[in-house]
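The structure appears right after this line, and notes come after that.
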2 protein chains.
Amino acid sequence: MSMQDTASSGVALWRLVADGIERGIADGRFAAGDKLPGEMEIAETYRVNRHTVRRALAALAERGIVRAERGSGTYVEAQKLAYPLRSRTRFSEIVGAEGREPHGRMIEASEDVATRELARELGLKTGAPLVRIEAIRLADRTPICVSTTWLSAELFPGAGTVFAATRSMTKMLEHYGIRDYRRGATRITAGIVDATDAARLDLPLGRPILVVDATDLDLEGKPLVTKHSRFAAERVEFLVEP
Amino acid sequence: MSMQDTASSGVALWRLVADGIERGIADGRFAAGDKLPGEMEIAETYRVNRHTVRRALAALAERGIVRAERGSGTYVEAQKLAYPLRSRTRFSEIVGAEGREPHGRMIEASEDVATRELARELGLKTGAPLVRIEAIRLADRTPICVSTTWLSAELFPGAGTVFAATRSMTKMLEHYGIRDYRRGATRITAGIVDATDAARLDLPLGRPILVVDATDLDLEGKPLVTKHSRFAAERVEFLVEP
DNA sequence: TCAAGTTGTCTATGATACTAGACAACTTGA
DNA sequence: TCAAGTTGTCTAGTATCATAGACAACTTGA
């Protein structure tokens, strides 16, 4: 595989090799602690120059996924957060259940007005005043997802401040007298991380993300908040249970 | 944004611009038929040279996502397949419901033996004989997903041949007397397409894919088949309904 | 008709990406 | 101790990526 004969995809060869190796680690072909094949062997399997393989391994080493030992070999170190999608999903409970420490932090809150799309989702009128909250969630200091949350500024005045203080969506809603809520429709797709999210998630540019759009409802089915979340695909795996 | 000051991510600048525009189309900032901003304006928003924008637009035009008209502007043409995840998911029904024509085709079938992982999933013993089926599914001739399906070679002898003939998982199971089945646990994550799948899905290298691992059960909850599917993220959107 | 704004094409330059080959530095096991 | 196998480092050449500027070809609306 050379740059000449490949229909150029805009993705560097070393990056494809790095992704291939990472995939091998993710689906268990290489377990944590295993020794990877030699640089020469990897170069042959991907049909690239050894230097290209070295670039790929350097990138993986940079991210702490592998570790090279001169004269000996290159070894694996890695694993994913299991994230169940139920009608009752609470980030802190999910992370806690995996024995990891959940954290949340508000990045920014601002006033906004409802687009037609958002209005429909929240059962409001186009142009209705909204609070927009950008937040990040982490497990053991590793960023897992960033999300943009919208909710009615009339029903939840000062929601941004409350969220910043409580650092929890659940506690923020409790503040407005909402004891329980459930997940409405959820839409999932995948994309490539943009520059802003890359910085927030501490991800290199070009990494895949899981994009989740969801609306939470109160117990009578009335929309409360709607969210647009971006998860680092390499750090999480969604579970849909029957 | 220049190549010098960017911490090199292995993704070309033009590709980032193309992904950004595509994302804008996907989440409705640019609707089908809309005119995109001029090349100069796009160049300014992304802080790149106009030639870099042109490369991005050329790549999108190549894939039929936009269309350039000299002297006038560049226009959008696009949309995604909505794919509900229920306990009863049938590809042909989902595609048909969108008013599109579903197709299925077997790529390859072979004998295999169960790894520990596969054995656990299927309720068999490690090393049990399996049939492995590689298949592709399309909507209106556009490839949507490729999947690898495993099932017991003892319970379903000659399954590959039956599937090749019927071109349908449902009909194949009917052949063995299974009238109905339902979806068990489903695991979803995202990744980057590899060279083999890229060719099968008619995707450029480096595009994001949705990776779905699922097991289908009979009505008593006994595992029938387990699948590893890769969906072209740009052509599909999963819907999780409460 | 004409000016302003759009996409299309050309030339040119410097930085990266990839390949190729050679050899040094180090580890492992016989 | 030594040979084989590993990662680390150097030089060099070609292709691609990105920038820059200039101008042609075309569309649109005044």
Side-chain angles (χ1 to χ4, degrees), chain A residues 1-21 30 33-62 64-77 195 204-206, chain B residues 1-21 30 33-62 64-77 195 204-206:
Chain A
M1 195 187 314
S2 67
M3 276 316 253
Q4 295 89 299
D5 56 14
T6 300
S8 182
S9 63
V11 182
L13 255 185
W14 66 261
R15 179 59 183 274
L16 295 179
V17 174
D19 288 344
I21 294 170
F30 307 118
D34 279 7
K35 179 173 167 178
L36 291 179
E39 293 172 351
M40 269 307 209
E41 190 177 336
I42 297 176
E44 279 161 20
T45 53
Y46 286 93
R47 304 195 187 181
V48 297
N49 193 276
R50 178 176 156 237
H51 294 290
T52 307
V53 172
R54 285 182 59 70
R55 190 124 165 48
L57 291 174
L60 292 174
E62 177 86 21
I65 294 174
V66 303
R67 164 182 41 82
E69 285 181 13
R70 183 173 188 157
S72 173
T74 305
Y75 301 82
V76 179
E77 3 207 18
L205 288 173
Chain B
M1 193 187 312
S2 67
M3 273 319 251
Q4 292 91 299
D5 56 14
T6 299
S8 183
S9 62
V11 182
L13 254 185
W14 66 261
R15 177 59 184 275
L16 295 179
V17 175
D19 287 344
I21 295 170
F30 307 118
D34 278 8
K35 179 173 166 174
L36 291 179
E39 293 172 353
M40 270 307 209
E41 191 177 337
I42 297 176
E44 278 161 22
T45 53
Y46 286 93
R47 302 193 189 183
V48 296
N49 193 276
R50 176 175 159 240
H51 294 291
T52 307
V53 173
R54 286 182 56 71
R55 189 123 165 49
L57 290 174
L60 293 174
E62 176 88 21
I65 294 173
V66 304
R67 166 182 39 84
E69 285 182 13
R70 183 173 190 160
S72 172
T74 304
Y75 301 83
V76 180
E77 6 207 15
L205 288 172

Can you tell me the pairing partner of D/dA15 across any strand shown, Watson-Crick or G-U wobble, with both distances under 3.5 angstrom? C/dT16
Can a donor-acceptor pair under 3.5 Å be found between the side-chain atoms of A/His51 and the base atoms of C/dA17? no
Distance, rounded to the nearest Å, where B/Glu41 contributes CD and C/dA4 contributes C1': 15 Å
Report the nucleotide, chosen from D/dT19, C/dA24, C/dA17, that has the shortest atom-to-atom distance to any side-chain atom of A/Arg70. C/dA24
Which whole-number value in Å describes the distance from A/Tyr46 OH to C/dC18 P? 14 Å
Considering only heavy side-chain atoms of A/Asn49, the closest of D/dC17, C/dA20, C/dT9 is C/dA20
Calculate the interatomic distance between B/Arg54 atom CZ and D/dT19 atom P; express it in whole Å. 15 Å
If you compare all heavy atoms of A/Val66 against all heavy atoms of A/Leu57, which two are closest, and at what distance to 0.1 Å? CG2-O, 3.8 Å
Taking only the side-chain heavy atoms of B/Glu39 (C-beta and beyond), determine which of D/dT19, C/dG8, C/dC18 contains the nearest atom. C/dG8
Rounded to whole angstroms, how far apart are CZ on B/Arg55 and P on D/dT19? 12 Å
Residue B/Leu13, side-chain heavy atoms: nucleotide from D/dT19, C/dC18, C/dG8 that is nearest: D/dT19
Atom CD of A/Glu44 to atom C1' of D/dG5: distance rounded to whole Å? 14 Å
A/Thr74 has its side chain closest, among D/dA18, C/dT19, D/dT7, to D/dT7
Taking side chain as C-beta onward, heavy atoms only, is A/Tyr46 less than 4.5 Å from A/Val53? no
For A/Lys35 and A/Ser72, the nearest pair of non-hydrogen atoms, with its separation, is NZ-O, 3.0 Å
Distance check needed: C/dT28 P versus A/Glu69 CD, whole Å only. 8 Å
If pairing means Watson-Crick or G-U wobble with both distances under 3.5 Å, then the partner of C/dC2 is D/dG29
Both distances under 3.5 Å, Watson-Crick or G-U wobble: report the partner of D/dA24, or none. C/dT7
Quick one: is B/Thr52 getting a side-chain N or O under 4.0 Å of the D/dC17 phosphate, OP1 or OP2? no
Protein-nucleotide distance (B/Leu60, atom CG; C/dT7, atom P), rounded to Å: 14 Å
Shortest non-hydrogen pair, B/Arg15 vs A/Gly10, comes out as CB-O, 3.8 Å
Would you say A/Ser72 reaches D/dT7's phosphate, i.e. side-chain N/O to OP1/OP2 under 4.0 Å? no
When you measure only distances, ignoring hydrogens and angles, does the side chain of B/Arg50 come within 3.5 Å of the base of D/dG21 through a donor and an acceptor? no
Distance check needed: D/dT27 C1' versus B/Tyr75 OH, whole Å only. 9 Å
Provide the closest heavy-atom pair for A/Val17 versus A/Ile42 in the form atom of the first, atom of the second, distance. CG1-CG2, 4.2 Å
